[in-house]
2 protein chains.
Amino acid sequence: MKRTGFSEADCPVARALDAIGDWWSLLIVRDAFDGLRRFGDFQKNLGIAKGMLSTRLRKLVELDVLELVPASDGSAYQEYALTRRGHDLFPVIVGLRQWGEAHLYARGEAHSDLVDQAGQPVGQLVLPSRTGRPLTWSETKVRKVGARKR
Amino acid sequence: MKRTGFSEADCPVARALDAIGDWWSLLIVRDAFDGLRRFGDFQKNLGIAKGMLSTRLRKLVELDVLELVPASDGSAYQEYALTRRGHDLFPVIVGLRQWGEAHLYARGEAHSDLVDQAGQPVGQLVLPSRTGRPLTWSETKVRKVGARKR
DNA sequence: TTGTCTAGTCTTATTTTAGAACCAGATTGG
DNA sequence: CCAATCTGGTTCTAAAATAAGACTAGACAA
């Protein structure tokens, strides 16, 4: 009865969720985008149990989403920094943010907001076709590739 | 030791993950985008335990991500269809897909692929500024709004 | 009307999570 | 330089979630 895994799936969505689709990983990554880098910062900000955080950080480092770097304040401690692969999760976080913002808040309810450097709200995520025209769901399809039998 | 919840969070990412951030919900939604509508179809395709699926579907209906509609084949059964709110999850699924595709497959390894109606691969998700210029992570910031104390 | 299919529910064993206690090494205050 | 405290964990236990299978009621098909 081990938790079902999808690390071998043909579908990249399944594989992505297998890697980072648990309760905490994306929240840790979100905090990393917000500039948090130290164990204690994540722990305080998320209210997560230290054991959980320890396990999750280790997995994110294994996955090469985060990496351990020497502390930026010169102390002997280490910090967790987003890697290239971690930075590439930005659209996922933004997608969740925009969906949550649109559907999970009552009118007028306070929430944090993503803005550009001038403080202007950003637009909605766009999926461009190869020619650059924005695509909606109904204009796309998933091409099944030969499922490798194992 | 109840599982930690974020349904009251000020951060839309946290609230979104609270709603749909468990192991199964986004995979069910992905399958719904792929056209699956019946309990048995989800169950067979995901290999999920029926009890889990039942619980998840009920929650997704409560959240108004899916809705129960009469079966399209005229039988007395019901089907699960994506709502507007469910369709709005498309960018999240695409974001996960593109990240997984980019980072979780060996060179040449088979995986399913998102294409437009002409069969052309789609582009990468883009976050436009208000003026339409594409933004990267480092050009954005999260504006904290007054955290409601409760 | 008997048998099969659909869409579940219920039960149980196992795994995961939350929370607290504990600990070693780094840092700070005196 | 020494003691107290901070940081970044590990370990333990109880509660909750999950997986897997047995079971069931109503639809459907022959």
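Reminder, nothing fancy here: chain letters follow the sequence lines and each chain counts from 1.
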* Asked: For B/Tyr105, is the NZ or CZ atom of A/Arg15 found under 6.0 angstrom from the centre of its six-membered ring and inside 45 degrees of the ring axis?
  -> yes
* Toward the 5' end of DNA chain C, by each residue's nearest nucleotide, A/Ile48 or B/Gln78 -> B/Gln78
* **Atom-to-atom span, CG of B/Leu27 to C1' of D/dA19 - whole angstrom** => 16 Å
* In plain terms, say whether B/Arg3 and B/Asp18 are close enough for a salt bridge, that is, a side-chain N and a carboxylate O under 4.0 Å apart. => no
* **Under-4.0 Å side-chain N/O to phosphate OP1/OP2 contact, A/Trp24 with C/dA18** => yes
* Structure fact -> With the side chain defined as heavy atoms from C-beta on, B/Tyr77 is closest, among C/dA18, D/dC6, C/dA7, to C/dA7
* Asked: Rounding to a whole Å, what distance do you find between B/Lys50:NZ and C/dC10:C1'?
  -> 12 Å
* Considering just the side-chain nitrogens and oxygens of B/Ser75, establish if one lies under 4.0 Å of OP1 or OP2 belonging to D/dA27. => no
* With sugar-phosphate meaning primed atoms plus P, OP1 and OP2, does B/Ala76 contact a base, only sugar-phosphate, or nothing at under 4.0 Å between heavy atoms? -> sugar-phosphate
* Structure fact -> The correct set of residues in residues 52-73 of chain B placing a heavy atom under 4.0 Å from DNA chain C is B/Ser54, B/Arg58
* Of the nucleotides C/dA26, D/dA19, D/dA17, which has the atom closest to the B/Arg3 side chain? -> D/dA17
* Asked: Given the rule in the side-chain contact (heavy atoms from CB on, under 4.5 Å) test, do A/Ser25 and A/Leu60 qualify, once you have shown the distances and angles that lead to the verdict?
  -> CA-CA 7 Å; A/Ser25 294; A/Leu60 288 169; 4.2 Å; yes
* is_close_aromatic(A/Phe90, A/Phe33), centroid dist under 6.0 Å -> yes
* Asked: Is the phosphate of D/dG9, meaning OP1 or OP2, less than 4.0 Å from a side-chain N or O of A/Tyr80?
  -> yes
* Does any donor atom in the side chain of B/Gln120 or A/Ser129 lie under 3.5 Å from an acceptor atom in the other side chain? -> no
* Atom CG of B/Leu66 and atom CZ of B/Arg85: how far apart are they, to the nearest 0.5 Å? -> 11.5 Å
* Counting only side-chain N and O atoms of B/Trp23, is one of them less than 4.0 Å from OP1 or OP2 of C/dT17? -> no
* To do: Please collect all salt bridge (charged side-chain N to carboxylate O under 4.0 Å, His left out) contacts where either partner lies in residues 120-143 of chain A, sequence neighbours excluded, each pair once.
  => A/Arg133-A/Glu139, A/Arg143-B/Asp113
* Path from B/Val126 to B/Leu89 over hydrophobic side-chain contacts below 4.5 Å -> no
* What class does the angle between the rings of A/Trp137 and B/His87 fall in, given that below 30° is parallel, 30 to 60° is tilted and above 60° is perpendicular? -> tilted
* **Residues within residues 37-46 of chain B bordering DNA chain C, heavy-atom distance below 4.0 Å** => B/Arg38, B/Phe39, B/Gly40
* To do: Using atom CG of A/Asp22 as one end and atom P of C/dT15 as the other, report the distance to the nearest whole Å.
  => 18 Å
